[in-house]
Colleague: 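Would you mind keeping the following structure in view while I ask a few things?
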Amino acid sequence: MNELSQLMGRLQDWSEGILLRGFNQLTPADLESLKVLSEDAARLDMDFLCSLLDQTITEGRVTLEQNQFPQSFMFHYSRLCEYIAMAQETDYT
């Protein structure tokens, strides 16, 4: 399995884990995991994916600070999930 496939698999695992646990269970560790994934995407020169991940991280921090679930986090989470789905449908991985 190549690095890109592994990265996309880890992203899918992260997104499914958040969905199954519930968005109100978001933790700083979840955001740290996203940061690692963003660094891996940057290493693979995936600038758009890095941008999606960084936006999701930023909104996740706001979510944790405000102790509520803002719509903006859901927007960025959804964009990330759409990217993952598109990558799988186009055999990008």
Side-chain angles (χ1 to χ4, degrees):
M1 183 181 290
N2 66 36
E3 286 184 81
L4 181 56
S5 294
Q6 290 176 353
L7 174 62
M8 297 310 291
R10 289 171 34 222
L11 278 168
Q12 183 172 7
D13 291 345
W14 182 90
S15 66
E16 289 174 354
I18 292 293
L19 187 61
L20 291 172
R21 280 196 344 250
F23 295 108
N24 61 339
Q25 300 297 317
L26 185 71
T27 67
D30 294 321
L31 300 180
E32 185 58 36
S33 295
L34 270 191
K35 186 66 178 165
V36 170
L37 292 168
S38 179
E39 291 166 357
D40 291 346
R43 193 172 37 78
L44 295 172
D45 295 322
M46 300 180 75
D47 297 332
F48 184 69
L49 178 57
C50 288
S51 174
L52 290 175
L53 290 166
D54 292 343
Q55 292 168 350
T56 305
I57 292 166
T58 298
E59 292 304 322
R61 287 184 182 133
V62 170
T63 298
L64 293 176
E65 289 170 6
Q66 295 178 355
N67 200 23
Q68 58 181 329
F69 185 69
Q71 188 175 3
S72 57
F73 178 79
M74 179 58 111
F75 173 76
H76 291 293
Y77 172 83
S78 296
R79 286 183 69 204
L80 181 59
C81 290
E82 289 171 12
Y83 182 94
I84 295 166
M86 181 185 69
Q88 291 173 335
E89 288 175 10
T90 59
D91 283 334
Y92 189 53
T93 56

Colleague: Establish whether L4 and M86 are linked, either directly or via other cluster members, by ILVMFWY side-chain heavy-atom contacts under 4.5 Å.
Modeller: yes

Colleague: Can R10 and D13 be said to form a salt bridge (charged side-chain N to carboxylate O under 4.0 Å, His left out), step by step?
Modeller: CA-CA 5 Å; R10 289 171 34 222; D13 291 345; over 6 Å; no

Colleague: Cluster question for you: counting only ILVMFWY and a side-chain heavy-atom cut-off of under 4.5 Å, with indirect links fine, are I57 and L44 together?
Modeller: yes

Colleague: With a 4.5 Å cut-off on side-chain heavy atoms, are D40 and E3 touching?
Modeller: no

Colleague: Grab the two heavy atoms, one from I84 and one from S15, that are nearest each other, plus how far apart they are.
Modeller: CD1-OG, 4.0 Å

Colleague: Can you tell me how far CG of L11 sits from CD of E16, rounded to the nearest 0.5 angstrom?
Modeller: 11.0 Å

Colleague: Start with the C-alpha distance between F73 and T56, add both sets of side-chain angles, then the distance that settles side chain to side chain contact (heavy atoms under 4.5 Å, CB included), and finish with yes or no.
Modeller: CA-CA 6 Å; F73 178 79; T56 305; 3.9 Å; yes

Colleague: How close do Y77 and L19 get, counting heavy atoms only, and between which atoms?
Modeller: OH-CB, 3.5 Å

Colleague: Quick one: do M74 and L34 end up in the same hydrophobic cluster if we chain Ile, Leu, Val, Met, Phe, Trp and Tyr together by side-chain heavy atoms under 4.5 Å apart?
Modeller: yes

Colleague: So, for T27 and L64, which heavy atoms are closest and what is the spacing to 0.1 Å?
Modeller: C-CD1, 3.9 Å

Colleague: Using modelled atom types only, decide if a donor and an acceptor are shared between the side chain of W14 and the backbone of S33 within a distance under 3.5 Å.
Modeller: no

Colleague: Show me the donor-acceptor pairs within less than 3.5 Å that the side chains of residues 45-55 make with the rest of the protein, sequence neighbours left out.
Modeller:
{"from": "D54", "atom 1": "OD1", "to": "S38", "atom 2": "OG", "distance (Å)": "2.9"}
{"from": "Q55", "atom 1": "OE1", "to": "H76", "atom 2": "ND1", "distance (Å)": "3.4"}
{"from": "Q55", "atom 1": "OE1", "to": "R79", "atom 2": "NH1", "distance (Å)": "3.2"}

Colleague: How far does CZ of R43 sit from CG of L7, to the nearest 0.5 angstrom?
Modeller: 8.5 Å

Colleague: Should F23 and L37 be counted in the same cluster of Ile, Leu, Val, Met, Phe, Trp and Tyr side chains packed under 4.5 Å apart?
Modeller: yes

